[in-house]
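For reference, the structure is listed below as structure tokens.
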There are 2 protein chains.
Amino acid sequence: MKWGELEDEPCSMARTIGVIGDRWTLLILRECFLRTRRFEGFQSSLGITRHLLAERLKKLVRQGVLRRIPYQDSPKRHEYILTQKGLDLYPIMMAIVHWGDTHMVDIRGRPLLHQHRKCGKDFDPVMVCSECGEPLLAKEVHTHPGPGARRTPASAAPEKPKAKTEAKARTKAKTKATTRRRAA
Amino acid sequence: MKWGELEDEPCSMARTIGVIGDRWTLLILRECFLRTRRFEGFQSSLGITRHLLAERLKKLVRQGVLRRIPYQDSPKRHEYILTQKGLDLYPIMMAIVHWGDTHMVDIRGRPLLHQHRKCGKDFDPVMVCSECGEPLLAKEVHTHPGPGARRTPASAAPEKPKAKTEAKARTKAKTKATTRRRAA
DNA sequence: ATTGACAGTTCGTTTTTAGAACTGTATGAA
DNA sequence: TTCATACAGTTCTAAAAACGAACTGTCAAT
């Protein structure tokens, strides 16, 4: 499986990983949420090579996560700012930070604290069920196939017939579609 | 910044990325949460090269995310199962899946649905404030330095004096430590 | 006229990954 | 007994990606 193929997998996680699943992209997005907007800003705070930075920014723009907006003409200069799609990555960022805060801090404690403007307190992010509001535990969640489960819905792409090593035993997800989704 | 250096950054996000921030590791963890436990299981469902799989599993075990448990002798065989530290990655996984469900699905809809055993309903994960329970919006959160903010607390590691390109303008985070953390 | 900020691009070298084959133990079938 | 298969890796070479440093080009300030 190459980088580019991830977006085609019948798995929301694989698709998302295809967009943000590499270390630099994640760090660039961290900077975005910390209000960095310009090329030099990203470059100097991350120490990423300029080459890669340019490429990653391009990709994020292509994916609709960032928007490239001119902030001056001559020389043309642009800022990279989060779109709504990009802002929606916030829970992912917070979940990542929180895990680090819980499992990767040294004795000195957390590098950053987060204050919630609404209530004024420093907080931790907690993931809850949209239906009942209870905190989510992995063992209390049952995963089952949805309408977009199989790679091809018995039509679409003919699944290029490369025999090869014949990996992909992905036989789980039998396409049963017990849907009943509410608006996300 | 090389891979190995991420763990030393004064940033919970960078540290976490140092552990799980590459596409294969994330996909391996997805499989773990879907109950895959053995080498062949990971290999065939992901199509990852055996070489990389072995390496990634080793790293996850080293990091305490997975535990390697023998399930038979002769030939010695082991299963890889999530530790508590690993299970704690669940919110990250769910946040990633949810973003994909929101922004990366085709017309057919979601590949997987998640049912909450507690309430019986299919749900979406929602991230809320631990203090007031309100859903978190990026713009309502103010980030400020915590006790572990600077790379060195004015003692510890002497910050190897390589002049080099002198990146790392990370001058934000002035170390003020307004702590008042509650148990996470 | 020179320097510096800014946003890239180019290019040669080093690291990682991909891909495929090989190792070694053991079970079941012929 | 011999052969095939399952399983969990390891080894090796080629290809892809990342690194590092320098270079391009526009403009402002000195």
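Just so you know, these numbers come straight off a predicted model, no measurement behind them. The chains referred to below are lettered A, B, ... by the order of the sequence lines, with proteins before strands, and numbering in each begins at 1. No hydrogens, no waters, no symmetry mates; every other heavy atom, side chains included, goes into these values.
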**OP:** Please check the phosphate of D:dC23 (OP1 and OP2 only) for any side-chain N or O of A:Arg50 closer than 4.0 Å.
**Re:** no

Just the table, please: protein N/O against nucleotides 23-28 of chain C N/O, every pair under 3.5 Å.
| residue | atom | partner | partner atom | Å |
| --- | --- | --- | --- | --- |
| C:dG24 | N2 | B:Arg77 | NH2 | 3.1 |

**OP:** Could you check which of D:dT10, D:dG20, C:dT9 has an atom nearest any side-chain atom of B:Lys58?
**Re:** D:dT10

Original post:
So does B:Trp24 get a side-chain nitrogen or oxygen closer than 4.0 Å to the phosphate oxygens (OP1/OP2) of C:dA18?
Top reply: yes

Original post:
Regarding A:Arg37 and the six-membered ring of A:Tyr71, is the cationic atom NZ or CZ under 6.0 Å from the ring centre and inside 45° of its axis?
Top reply: no

**OP:** Among C:dA7, D:dA8, C:dT17, find the nucleotide with the atom closest to the side chain of B:Arg23.
**Re:** C:dT17

Subject >> side-chain N/O A:Arg68 vs C:dG8 OP1/OP2, d < 4.0 Å >> reply: yes

**OP:** May I have the distance from B:Asp22 (atom CG) to C:dT15 (atom C1'), rounded to whole angstrom?
**Re:** 14 Å

Subject >> Nearest-nucleotide 5' precedence on DNA chain D, B:Tyr71 against B:His51 >> reply: B:Tyr71

Original post:
Do B:Glu40 and B:Arg50 meet the salt-bridge criterion of a basic N to acidic O distance under 4.0 Å?
Top reply: yes

**OP:** Whole angstrom is fine here: how far is it from CD1 in A:Ile48 over to P in C:dA7?
**Re:** 15 Å

Subject >> Joint cluster assignment, B:Phe39 & B:Leu52, ILVMFWY side-chain distance < 4.5 Å >> reply: yes

**OP:** Scan A:Tyr80 against the nucleic acid and name what it touches under 4.0 Å (heavy atoms): base, sugar-phosphate only, or nothing.
**Re:** sugar-phosphate

Original post:
How close or far is atom C1' of C:dT9 from atom CD of A:Glu40, stated in whole angstroms?
Top reply: 13 Å

Original post:
What is the distance, rounded to the nearest whole Å, between atom CG of B:Leu6 and atom P of D:dC19?
Top reply: 10 Å

Original post:
Would B:Leu87 end up clustered with B:Val97 when hydrophobic side chains under 4.5 Å apart are linked, directly or stepwise?
Top reply: yes

Original post:
Is any NZ, NE, NH1 or NH2 atom of the basic residue among B:Arg110 and B:Asp122 found under 4.0 Å from an Asp or Glu carboxylate oxygen of the other?
Top reply: no

Original post:
Roughly, in whole Å, what's the span from CG in A:Leu52 to C1' in C:dT15?
Top reply: 13 Å

Subject >> Rounded distance in Å - CZ (A:Phe39) to C1' (C:dA5) >> reply: 13 Å

Original post:
Just to confirm, is there a sub-4.0 Å distance from OP1 or OP2 of D:dA17 to any side-chain nitrogen or oxygen of A:Lys59?
Top reply: no

Subject >> Separation of atom CG in A:Leu26 from atom P in D:dA18, rounded to whole Å >> reply: 14 Å

**OP:** Evaluate the ring planes of B:His142 and B:His144, with Trp represented by its six-membered ring, and classify them as parallel (under 30°), tilted (30 to 60°) or perpendicular (over 60°).
**Re:** parallel

Subject >> Length of the line joining A:Leu46:CG and D:dC19:P, which is rounded to integer Å >> reply: 11 Å

Original post:
So A:Phe33 and A:Tyr90, would you call those rings parallel, tilted or perpendicular, with 30° and 60° as cut-offs?
Top reply: tilted

